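What you see below is based on every heavy atom in this structure, not just the backbone, and it leaves out hydrogens, waters and symmetry mates. Computed from a predicted model, the values in this text were never measured in an experiment.
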Amino acid sequence: MLESTPTLRHNSRYNLVLLSPDPAEEAVLNHHLQPTEEFSCTLRCIETLEQLKQFEIQSLCDAVLLDIRIEKPLAEEAIQYLSRQKGSVALLCLCQNHTQLRQFREVMHSVDDYILAEFLPEGELSTRIAHSIRRCRKEYELLSEQNLLKELLDNIPDAIYFKNTNSQFIKVNTAMARIYDHSGPEEILGKSDFDLFTHEHAQRAYDDEQEIIKTGKPLIGIIEKETMPDGTFKWVTTTKMPLKDNMGTIIGTMGISRSVTELKNAQEALARETALLKTIIEHALAGIYVKDREGRYLVINERHANNLGAKTSKECVGKTLRDFYSPEDADRAMRFDEEIMQTNKGLENMVDQRTLPNGEKTWLLTSKVPFSDDKGNCIGLVGISQDITLQKKNELQLKSTIQTLEETKLQLIEAEKLKTVGRLAAGVAHEVKNPLSVVLLGVDFLLSQGELDPDITSMLTDMRNAALKANEVVFELLDYSSPHEVSLVPANINETIEHVLTLMRHNLRKAHVTLIDERSQELPKVYIDASKIDQVFINLILNAISVMPKGGELIVKTYTKRMNATGANVSSEMTEHFRIGDTIVVVEILDTGTGIDDNHQNKVFDPFFSTKTTGEGTGLGLSVTRSIVDMHRGMITLENRENQVGACARILFPTADKA
């Protein structure tokens with residue numbers, strides 16, 4: 001390792017150390033070292049070498065005056081020690097005469113100057129000391145620079161070389177010899193590039209160097225392909241500059257080359273991978289894209305651009321889903337993206353339905369994974385989406401067809417069941433109704449016979465109520481199974497609802513149910529049989545009251561809507577009753593009750609189905625209600641309310657002009 005270069009003092013005042021066992025010598029030297037305008041000093045006397053060793057020489061003084069007029073071994077030891085430690089400090093020896101000086105010829109090379117202490121003309125001592133100090137400093141600086149250059153040449157892994165005007169190597173470093181398979185730098189000296197490389201590369205290098213010698217202009221950071229005689233090659237980055245002497249005359253070139261073969265190979269491999277990836281992205285049968293943390297497209301292929309409804313991929317770069325989809329669909333998809341980037345977990349094979357600005361619906365089968373930088377921080381995501389709109393429509397069409405077949409099957413079964421019920425009802429009318437009438441007459445007769453035992457009276461009353469209930473069921477069965485005829489006339493549905501609400505106000509007050517009227521005042525007329533529709537609304541309101549035993553709210557709404565789409569199921573009941581463009585009058589009766597159990601959702605309109613306890617209902621009310629609505633070519637649904645407790649009965653009527 002190089003020692004640090006000490007700070008050299010360039011003023012004319014010097015610190016001197018006299019190493020001498022003779023204290024009187026200090027006074028003698030001070031006499032000869034009188035200060036002048038050019039020279040002044042401070043002289044410190046140290047008697048023994050052991051004392052001097054306690055100090056760091058270079059920080060102690062600028063020069064050491066060693067008195068060698070002592071025993072020779074002691075003097076030689078001091079010279080050898082000081083030559084190793086002095087650095088930029090000058091070493092001057094005070095001797096007796098030339099005869100004594102010759103005794104130290106083995107170590108003379110380590111001393112900067114010799115002074116005959118007993119023959120000193122006036123002013124000579126200070127002059128020679130100053131001259132020795134300046135010369136020693138200059139030599140030390142030069143040696144330090146040489147050491148720095150040597151350390152650089154010996155340790156840098158790059159090839160460094162110097163050439164003459166004939167482009168022959170005059171100096172190279174160890175790394176260059178190693179790189180080009182030589183045992184040492186001396187094997188390359190005197191050779192040229194023609195000895196190391198193929199003629200093709202050597203000629204280009206020679207021409208470049210001759211141009212530098214001619215113009216003095218360097219070549220900086222050029223990439224060269226060095227081809228070897230055995231056919232192998234290396235890539236290097238090279239800088240070459242003119243080599244000048246002290247007079248500024250160009251005497252050759254110097255340069256440094258660093259191998260970038262691995263980097264070049266990596267760049268070529270990256271270029272191949274990039275081209276392959278670009279080909280895959282551009283010609284893939286699925287949409288491929290990359291987004292940043294803000295959801296902006298960074299990379300997108302043409303297929304995914306088409307999925308977005310764009311003409312080209314270029315117009316998508318920098319944009320987000322909000323530029324292509326409805327706000328609801330875009331926000332929903334971007335929330336998914338944000339969750340992926342926050343959790344650093346991908347998403348596979350998600351079926352996503354979106355609506356384009358033109359209203360068209362599209363389905364995508366999407367997989368997404370987070371995209372991270374080299375530190376593991378998520379900076380975006382990569383996605384692949386397959387347009388499955390056609391498959392989805394076919395799937396929905398198939399499901400709709402299957403559902404229609406199932407519904408048709410159930411309707412056939414129900415129709416057959418209704419025929420059976422009709423026949424049973426007729427039999428019940430004859431076989432049950434008359435006996436029930438006899439039972440009722442007998443009970444009434446017994447109850448009219450004066451004072452009876454309370455227990456007997458209670459029993460007769462229960463018998464009478466049971467007979468009346470049985471008679472009510474018989475009449476409902478007859479009503480359900482008998483042919484219905486309706487007389488349809490155009491009317492305002494609000495007026496019919498108002499009539500029913502008037503009839504039901506007592507029931508509402510008794511059940512502590514608050515009526516909220518949200519009927520639209522501008523409704524087109526619909527064809528209805530008022531008496532039948534009264535029964536529909538009464539049944540629905542009574543059902544709503546029954547599910548609110550502690551009171552609640554009953555909301556009645558009316559409004560119109562236009563049918564704009566068929567929905568997912570193109571063979572649904574909705575499309576059987578109405579067509580795109582039809583104006584529909586909608587009546588909604590909403591309650592705040594317990595709602596409908598999921599297991600009961602598909603059974604609410606089945607005959608004899610009821611969630612009420614025995615004796616509270618026959619299970620025929622909603623079946624009759626649906627039959628009446630069907631007679632009006634309408635449609636009824638009963639579902640749970642969205643985001644609220646309770647159920648919503650919704651009836652759709654065609655307007656009078658449609659009907």
Taking atom types as modelled and ignoring hydrogens, do the side chains of Asn539 and Thr625 form a donor-acceptor contact shorter than 3.5 angstrom? yes
To the nearest 0.5 Å, how far apart are OG1 in Thr362 and NZ in Lys393? 8.0 Å
Walk me through it: do Gln535 and Val624 pass the test side chain to side chain contact (heavy atoms under 4.5 Å, CB included)? CA-CA 9 Å; Gln535 184 179 353; Val624 172; 3.5 Å; yes
Please answer whether the main-chain N or O of Ile584 pairs with a side-chain N or O of Thr560 as donor and acceptor at a distance below 3.5 Å. no
Answer whether the closest heavy-atom distance between the side chains of Glu348 and Lys368 falls below 4.5 Å. no
According to salt bridge (Lys or Arg N to Asp or Glu O under 4.0 Å), who are the partners of Lys557, at least two apart in sequence or on a separate chain? Glu518
Less than 3.5 Å apart, which donor and acceptor atoms pair up between the side chains of residues 497-514 and the rest of the protein, not counting sequence neighbours?
unit_1	atom_1	unit_2	atom_2	d
Glu498	OE1	Arg519	NH1	3.4
Glu498	OE1	Arg519	NH2	2.6
Thr502	OG1	Glu498	O	2.9

Find out whether Leu652 and Val585 are in side-chain contact, i.e. whether some heavy atom of one side chain is under 4.5 Å from a heavy atom of the other. no
d(Asn306 CG, Lys311 NZ) to nearest 0.5 Å is 12.0 Å
With side chains defined as the heavy atoms from C-beta onward, is the minimum distance between Thr594 and Val645 less than 4.5 Å? no
Check whether Arg303 reaches the backbone of Ala284 with its side chain - one donor and one acceptor, N or O, closer than 3.5 Å. yes
Partner residues of Glu395 under the side chain to side chain donor-acceptor pair (under 3.5 Å) criterion, sequence neighbours left out: Lys399
Okay, side chain of Ser367, backbone of Asn349: is any donor-acceptor separation there less than 3.5 Å? yes
Tell me yes or no: between the side chains of Ser313 and Glu302, is some donor less than 3.5 Å from an acceptor? yes
Going by atom types alone, do Asn494 and Thr496 pair a side-chain donor with an acceptor below 3.5 Å? no
Please name all residues satisfying ring-ring contact (aromatic ring centres under 6.0 Å, His included) with Tyr289, sequence neighbours left out, ordered by chain then number. Tyr297, His304
Check the pair Leu270, Gln267 against side chain to side chain contact (heavy atoms under 4.5 Å, CB included), reporting the backbone distance first and the verdict last. CA-CA 5 Å; Leu270 179 61; Gln267 289 177 337; 5.6 Å; no
Considering only heavy atoms from C-beta outward, does the side chain of Lys291 approach that of Leu298 to under 4.5 Å? no
With a 4.5 Å heavy-atom cut-off, do Met341 and Leu381 have their side chains touching? yes
Before giving the answer on side chain to side chain contact (heavy atoms under 4.5 Å, CB included), spell out for Arg322 and Asp329 the whole-Å C-alpha distance, their side-chain angles and the decisive distance to 0.1 Å. CA-CA 8 Å; Arg322 294 189 179 94; Asp329 288 345; over 6 Å; no
Are any of the side-chain heavy atoms of Thr655 and Phe653 separated by less than 4.5 Å? no
Does Thr389 reach the main-chain N or O of Trp363 with its side chain, forming a donor-acceptor pair under 3.5 Å? yes
Side chain to side chain contact (heavy atoms under 4.5 Å, CB included) partners of Leu638, counting only residues at least two apart: Ile596, Val604, Phe605, Leu622, Ala647, Ala649
Side chains of Ile379 and Asp292: closer than 4.5 Å at any heavy-atom pair? no
Spacing of CZ belonging to Arg296 relative to OG1 belonging to Thr320, to within rounding of 0.5 Å: 9.0 Å
Under the criterion side-chain hydrogen bond (donor to acceptor under 3.5 Å, both in side chains), I'd like the reasoning laid out for Ser385 against Asp387: C-alpha separation, chi angles, the key distance, then a yes or no. CA-CA 7 Å; Ser385 295; Asp387 187 354; over 6 Å; no
Glu338 and Arg293: CA distance, side-chain angles, deciding distance, salt bridge (charged side-chain N to carboxylate O under 4.0 Å, His left out) verdict: CA-CA 8 Å; Glu338 184 62 28; Arg293 284 302 299 256; 3.4 Å; yes
Crowded around Met459 CE? As in, over 12 foreign heavy atoms under 6.0 Å? no
Within this structure, what is the OG1-CD1 distance for the pair Thr274 and Ile281, rounded to the nearest 0.5 Å? 9.5 Å
Between Asp331 (side chain only) and Glu328 (backbone N and O only), is there a donor and an acceptor less than 3.5 Å apart? no
Taking atom CD1 of Ile538 and atom CD1 of Ile533, what is their separation to the nearest 0.5 Å? 11.5 Å
Any donor-acceptor pair under 3.5 Å from Thr343 side chain to Glu339 backbone: yes
Any side-chain heavy atom of Glu639 sitting closer than 4.5 Å to one from Arg650? yes
Interatomic spacing from CD in Gln644 to CG in Asp591 - rounded to 0.5 Å: 11.0 Å
Is there any ring-ring contact (aromatic ring centres under 6.0 Å, His included) pair reaching into residues 308-355, and which pairs are they, with sequence neighbours excluded? none
Keeping the roles fixed (side chain from Lys532, backbone from Ile528), state whether a donor-acceptor pair exists under 3.5 Å. no
